[in-house]
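A short write-up of the structure that comes next.
Sequence lines set the chain letters: A, B, ... in the order given, protein chains first and strands last, and positions in each chain run from 1.
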Number of protein chains: 2
Amino acid sequence: MKRNSKLSSTLHILVHMAEAREGIQTSEQLASFIHTNPVVVRRTIAGLREAGIVASARGHGGGWQLARAPETISLAEICTALGETLLPFSTAPESPGCLVEQAVIAVLDDFRAEAERLLLQKLARVTLADIAADFRRRYAALGVTDHAV
Amino acid sequence: MKRNSKLSSTLHILVHMAEAREGIQTSEQLASFIHTNPVVVRRTIAGLREAGIVASARGHGGGWQLARAPETISLAEICTALGETLLPFSTAPESPGCLVEQAVIAVLDDFRAEAERLLLQKLARVTLADIAADFRRRYAALGVTDHAV
DNA sequence: GTTTCATGTAACTTATTTAGTTACGAATTT
DNA sequence: AAATTCGTAACTAAATAAGTTACATGAAAC
């Protein structure tokens, strides 16, 4: 898993979970989808469990599955549960007392608040089911192509 | 300059430039505002020069200044000139051939395109002059407070 | 025209961050 | 009881970005 691909990797895993026939998959199976190891997966999606997006079970036969229907899981919820902002630009003071810096921070903090609201609003309109449907379209298209050739 | 503070540090410098009486300031002076060194400053704002936001002059008496009135310099332009996206989440393929990944990338790329448009639209409405005006308000307020106390 | 000063930029070093790994306890099924 | 899987802490390794050094280029001062 590369540097800024936490979101895309998580979605990758979640769509595989949405499409999984078996239902439960181990963190090792999930890890193989994104070419990493099980601990990284468990750590990455721990927040999704706390948010009630996925459910995990320990012990023999344990593993992970979606906690609800993919139609009810929006990307906004996933982003929030991952605990990583989409807009990582910093506004931490580095020159306490500098009024110029304070003015800069004020405008950027305002921007961030409004921007995050807008972005989450957009992401709230896309669900895991939407991505899964697109996957199926691609799969079907590929199948047809194969038959045609 | 900390990890994700390229934007805030650059704005910090630019507002100082907008407020500078002398006009020209050396990269060493600019660097002192953000507690770093001149090479980092020159490297960071090189893109702003190419974009015609600031102008630099070499040699004795050389240095940096705004290339235009701060009223005409929007944060959108600055962000673009910095050459760093506000939304650094990755959508690079890591499992070529995986249709699930392709569906994920498609939705995220669409989102990014629309989101960046929205964000730049918001930032286009804020200029360096706006931040400078806020700085002056803060400065005046502090002055009054000091007198009052 | 030589000295001084400042930028422009490449190459290298250091620091920071994050992914990856190891290890092991807790929980659950067979 | 044995096997399996998660949960998590602690550590290691790799990647990234800032910081630094070095020096060529260009411009003003003398």
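In this structure, NZ of Lys6(B) is placed 12 Å from P of dG19(D), rounded to the nearest angstrom. Straight-line distance from the CD atom of Glu94(B) to the C1' atom of dA15(D): 14 Å, rounded to whole Å. Atoms CZ (Arg42(A)) and C1' (dT5(D)) sit 7 Å apart, rounded to a whole Å. Summarising the geometry, the separation between CG on Leu82(B) and C1' on dA18(D) is reported as 15 Å, rounded to the nearest angstrom. Between Leu48(A) atom CG and dC6(D) atom P there is a gap of 15 Å when expressed in whole angstrom units. Distance, Gln25(A) CD to dC6(D) P: 11 Å, rounded to whole Å.
Between Leu7(B) and Glu84(B), every side-chain heavy-atom pair lies at or beyond the 4.5 Å cut-off.
The only member of Gln29(A), Met17(A), Gln25(A) that meets side-chain contact (heavy atoms from CB on, under 4.5 Å) when paired with Trp64(A) is Met17(A).
Under 4.0 angstrom from either OP1 or OP2 of dT5(D) there lies no side-chain N or O belonging to Thr26(A). For dG19(D), the OP1/OP2 oxygens have no side-chain nitrogen or oxygen of Asn37(B) closer than 4.0 Å. OP1 or OP2 of dT9(C) sits under 4.0 Å from a side-chain N or O of Arg49(B).
Out of dG19(D), dA23(C), dG20(C), the shortest distance to the side chain of Thr36(A) is found at dG20(C). Of the candidate nucleotides dT9(C), dG19(D), dG20(C), dG19(D) has the atom lying nearest to any side-chain atom of Met1(B). Each of dT21(D), dG8(C), dA17(D) was ranked by its minimum atom distance to the side chain of Arg3(B); first place goes to dA17(D).
In this structure, Glu101(A) CD and Ser8(B) OG are separated by 7.0 Å, a value rounded to the nearest 0.5 Å. To the nearest 0.5 angstrom, Phe89(A) atom CZ is 7.5 Å from Asp109(A) atom CG. With rounding to the nearest 0.5 angstrom, the OG1 atom of Thr36(A) is 11.5 Å from the CG atom of Leu30(A).
Summary of the strand contacts: Asn4(A) and Ser27(A) both lie near DNA chain D, and taking for each the nucleotide with the nearest heavy atom, the more 5' one is attributed to Ser27(A).
Donor-acceptor pairing under 3.5 Å, judged by distance alone, is absent between the side chain of Arg43(B) and the base of dT9(C).
Ionic pairing of Lys2(B) and Glu94(A) is not present here: no N-O contact between side-chain nitrogen and carboxylate oxygen is shorter than 4.0 angstrom.
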Donor-acceptor pairs under 3.5 Å, side chain of residues 39-55 of chain B to any protein atom, not counting sequence neighbours: which ones?
residue, atom, partner, partner atom, Å
Arg42(B), NH1, Ser27(B), OG, 3.0
Thr44(B), OG1, Val40(B), O, 2.6

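For the contact set between residues 51-70 of chain A and DNA chain C, defined by any heavy atom under 4.0 Å, the members are Arg58(A), Gly59(A), His60(A).
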